[in-house]
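Right, one structure below, let's go through it.
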Amino acid sequence: MKDITVKFSDGSVESYPYGKTVMEIIASRFGSDAAAPVIAARINGKMVDLSSPLEEDVTIELVDINSAEGLGILRHSISHIMAQAVQDIFEDVHVTIGPSIEDGFYYDFEYSDTFTPEDLERIEARMREIISEDHPFVRTEMSRKEAVSFFESRGEPYKVELINDLPGDVSDVSLYSQGGFVDLCRGPHIPSTGVVRAFKLLNVAGAYWRGDESNKMLQRIYGTGFATQEELEDYIRVIEEAKKRDHRRLGRELDLFQMNDEAGPGLVIFHPKGALLRTIIEDWEKKEHLKRGYDIVMGPQILKVDLWKKSGHFDHYRENMYFTEVDEQLYGIKPMNCLSHMLIYKSKIRSYRDLPLRYFELGTVHRHEKTGVLHGLMRARQFTQDDAHILCAPDQLNTEIRSIADLVDYSMGVFGFSYEVELSTRPQDSIGSDEDWELATGALKQALEDNNIAYDTNPGDGAFYGPKIDFKLKDALGRKWQCATIQCDFALPERFDLSYIGPDGEKHRPVMLHRVILGAIERFMGVLIEHYAGAFPVWLSPVQASVFTVTDKHIPYGETVYNQLINAGVRCEKDFRNEKLGYKIREGQMQKIPYMLVIGDREMESGTVSPRQRDGKNLGSMGIREFVSILNERCERYE
RNA sequence: GCCGAUGUAGCUCAGUCGGUAGAGCAACUGAUUCGUAAUCAGUAGGUCAGCGGUUCAAAUCCGCUCAUCGGCUCCA
């Protein structure tokens, strides 16, 4: 056999004997030390194991354990090790699938009993044994038929189902084994179990087979793995930090809101500070929308059921709606705000000169969410959307979508979020013609491209009335939250027979855009609380400053300072209790108040205040007016 | 809705083998008048989520319901 030529990603080209494995080639080219963090390779663009032999001329790229792909391979391999450990320990466990995911991996098992936290420890212990035994991951290939009978003989029905459901043109499948455990798997994998340095099993949860709620519930074990122990510990620290930032906890500690069993699940009760924060956000939004040519409108909470039938909500959204009977008439409590907006449009004959019309409503909606999905402010049964419906001519769609995307971008910047964009296309259960769906999807796509916005596509994930663009913001811990969305809708204008008179004097059908910027104010507040860990920027803080007296004799002057600040529009509290200054400061810090104003002899004599910033910095003595202008300037910069 | 876990004072949590409930912090009262993250002392606070069952006796064992938490499905 003749030698083969290998081209490396640094551009160098070398010859090797036929049939050498990738690992051997890397070791001879870079030395075994340099090869250590490499756990897989990309050969002519295809990911392979290091143990695969090279039988033709190739271009080779090394996949490092620290790259996103390398980490994915490592975690996927750990999931196989976990599956082996589980089957070693427990009887009657059937394996299903076990992929790597964003922050780790999981494996789903069918098991008649349930896994407990103690079981996880036993599984981890067995995994450590498997790792120290350093079993190689061995790839083999089989025909579909062989593989089916192989997994049948091993009593693994889920694997058989997976193979049977492969596309018809797939003739062979690959299997990976390590230490007697065999799994159907595309690969690649790490060379051997001993490569694993740091892993942890995190929790057990139920999960439907193939994610379908009509299927059997399996038991999923989540875990994660990293190249080093330090990285694993960092990750665990982030989880702990997230727990500390939990908006449900901070909501109570900062006295922002409560959820109350007596009131009902999924219902938020805003306390004074939470309601103030919400008011600040809503006032900001109204101002920004008025600047951009939106009209503020308001519709009723309940509308007759016939209108919901007309809109399609009764047929497609009924299970999420609440209904109530008034004077023997059935009413639907609104789960969306569009209906009133349609009626506003229809209240007059519209000309093309009137378009676009942009109706903005801070609309409170009710949705009957399943009990299991409720989650503090993030997922409630009553929430308020910063909703708008834009009615425009088809040729105005592009401009309108682009300016919404600009508003999203501006708003995310104000709150300090980066974001990602997804385009979702027609779902199974939907209304409207194929042409309209195509037109709408094309308009969204075109606008994104015109604005140079990178996006992913989610096929079949649109709303029942139209395709949508979702914006997923990223918070301080890198977690993603769905907030803004733009949905294109040809169906509702049709159903409500909306029209405008064009330049030709004829009736034309307008197009509608549904859109939210922050999404639900409740969810957005939840995200904000966790993003800032409760330490809101000055412009958002429900309490911007608190006045602290050193002793009782400073109370009269403190009262003067407090009143001046309140009159200047500062959101201010006072703490004139007979407590030591350090005690008040500590409480102020825990309440995350941006400025604490200390009032003692010095300030009383010179008519000043001494602001202490939340970061502990003492600003020294200054006049009240000076303090107010510092505060106002920061607010103007959205600090 | 489904799988699993949990529910004890305002909060965080103890409570052994079934024998009628405890701590720290917070609160309240008093003393202290104090300069940048906790002054001291005292007082009060509980239908042990709810309902039912077993038992001489239930926070503890069993059943049901409700709620919460972690996921799945769904979603702003």
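So you know, we letter chains A, B, ... as the sequences are listed, proteins then strands, and number each from 1. Computed from heavy atoms alone, side chains included, the values below leave out hydrogens, waters and symmetry copies.
Taking only distance into account, the side chain of A/Glu262 never meets the base of B/A67 through a donor-acceptor pair shorter than 3.5 Å. A donor-acceptor contact under 3.5 Å links the side chain of A/Glu603 to the base of B/G35. Between the base of B/G1 and the side chain of A/Tyr208 there is a donor-acceptor pair shorter than 3.5 Å.
Within 4.0 Å (heavy atoms only), A/Gly600 reaches at least one base atom of the nucleic acid. Within 4.0 Å of A/Gln482, counting heavy atoms only, lie sugar-phosphate atoms of the nucleic acid but no base atom. Contacts of A/Glu369 with the nucleic acid, taken as non-hydrogen atoms under 4.0 Å apart, include base atoms. Looking at heavy-atom distances under 4.0 Å, A/Arg220 makes contact with sugar-phosphate atoms alone, never a base. Among the protein residues, A/Thr371 comes within range of the nucleic acid bases, having at least one heavy atom under 4.0 Å from a base atom. Within the nucleic acid shown, A/Gln258 has no heavy atom closer than 4.0 Å to any nucleic acid atom. Contact annotation for A/Lys216: no contact, since no heavy-atom pair falls under 4.0 Å across all strands. Among the heavy atoms of the strands lying under 4.0 Å from A/Ala380 is at least one base atom, whether or not backbone atoms are also near. A/Asp601 comes within 4.0 angstrom of a base, heavy atoms only. Among the protein residues, A/Val516 comes within range of no part of the nucleic acid, since none of its heavy atoms lies under 4.0 Å from any strand. Contact annotation for A/Glu253: no contact, since no heavy-atom pair falls under 4.0 Å across all strands. Here A/Asn618 lies in heavy-atom contact (under 4.0 Å) with a base.
Cation-pi geometry between A/Arg75 and A/Phe226 is met: the NZ or CZ atom falls under 6.0 Å from the ring centre, inside 45° of the normal. Remark: A/Arg586 fails to qualify as a cation-pi partner of A/Tyr583 under the 6.0 Å distance and 45° angle criteria applied to the six-membered ring.
For the P atoms, the distance from B/U73 to B/G10 is 38 Å, rounded to whole Å. Spacing between B/G15 and B/U60 at atom P, rounded to whole Å, works out to 15 Å. The P atoms of B/U55 and B/A67 are separated by 32 Å, rounded to the nearest whole Å. Taking the P atoms as reference points, B/G19 lies 42 Å from B/A38, given to the whole Å.
With pairs defined as Watson-Crick or G-U wobble and both atom distances under 3.5 Å, the stems of at least three pairs that touch RNA chain B come out as B:1-7 with B:66-72, B:10-13 with B:22-25, B:27-31 with B:39-43, B:49-53 with B:61-65.
Checked against the 6.0 Å centroid threshold, A/Phe464 and A/His313 count as a close aromatic pair. Taking the ring centroids of A/Phe576 and A/Phe548, they lie at or beyond the 6.0 Å cut-off. A distance below 6.0 Å separates the ring centres of A/Phe360 and A/His289.
If you find the closest nucleotide of RNA chain B to A/Asp552 and to A/Gly372, the one lying nearer the 5' end belongs to A/Gly372. With the nearest nucleotide of RNA chain B identified for both A/Leu377 and A/Pro265, A/Pro265 has the one nearer the 5' end.
In terms of phosphate contacts, A/His368 brings no side-chain nitrogen or oxygen within less than 4.0 Å of OP1 or OP2 of B/G1. Considering only side-chain N and O atoms, A/Lys617 lies nowhere under 4.0 angstrom from the phosphate OP1 or OP2 of B/U36. The side chain of A/Arg515 places no N or O atom within less than 4.0 Å of a non-bridging phosphate oxygen (OP1 or OP2) of B/A76. Considering only side-chain N and O atoms, A/Tyr222 lies under 4.0 angstrom from the phosphate OP1 or OP2 of B/C72.
With respect to the salt-bridge test (charged N to carboxylate O, under 4.0 angstrom), the residues A/Glu253 and A/Lys592 do not qualify. With salt bridges taken as basic N to acidic carboxylate O contacts below 4.0 Å, one links A/Arg220 and A/Asp108.
Interatomic distance, A/Ile486 CD1 to A/Asp470 CG, rounded to the nearest 0.5 Å: 9.5 Å.
Contacts between residues 236-252 of chain A and RNA chain B, counted as heavy-atom distances below 4.0 Å, involve A/Arg248, A/Arg252.
The shortest distance between side-chain heavy atoms of A/Leu232 and A/Phe199 does not fall below 4.5 Å.
Both geometric conditions, a ring-centre gap below 5.5 Å and a plane tilt below 30°, are fulfilled for A/Phe383 over the base of B/A76.
Among A/His341, A/Arg358, A/Glu361, A/Arg515, the one residue that satisfies the side chain to side chain donor-acceptor pair (under 3.5 Å) test with A/His389 is A/His341.
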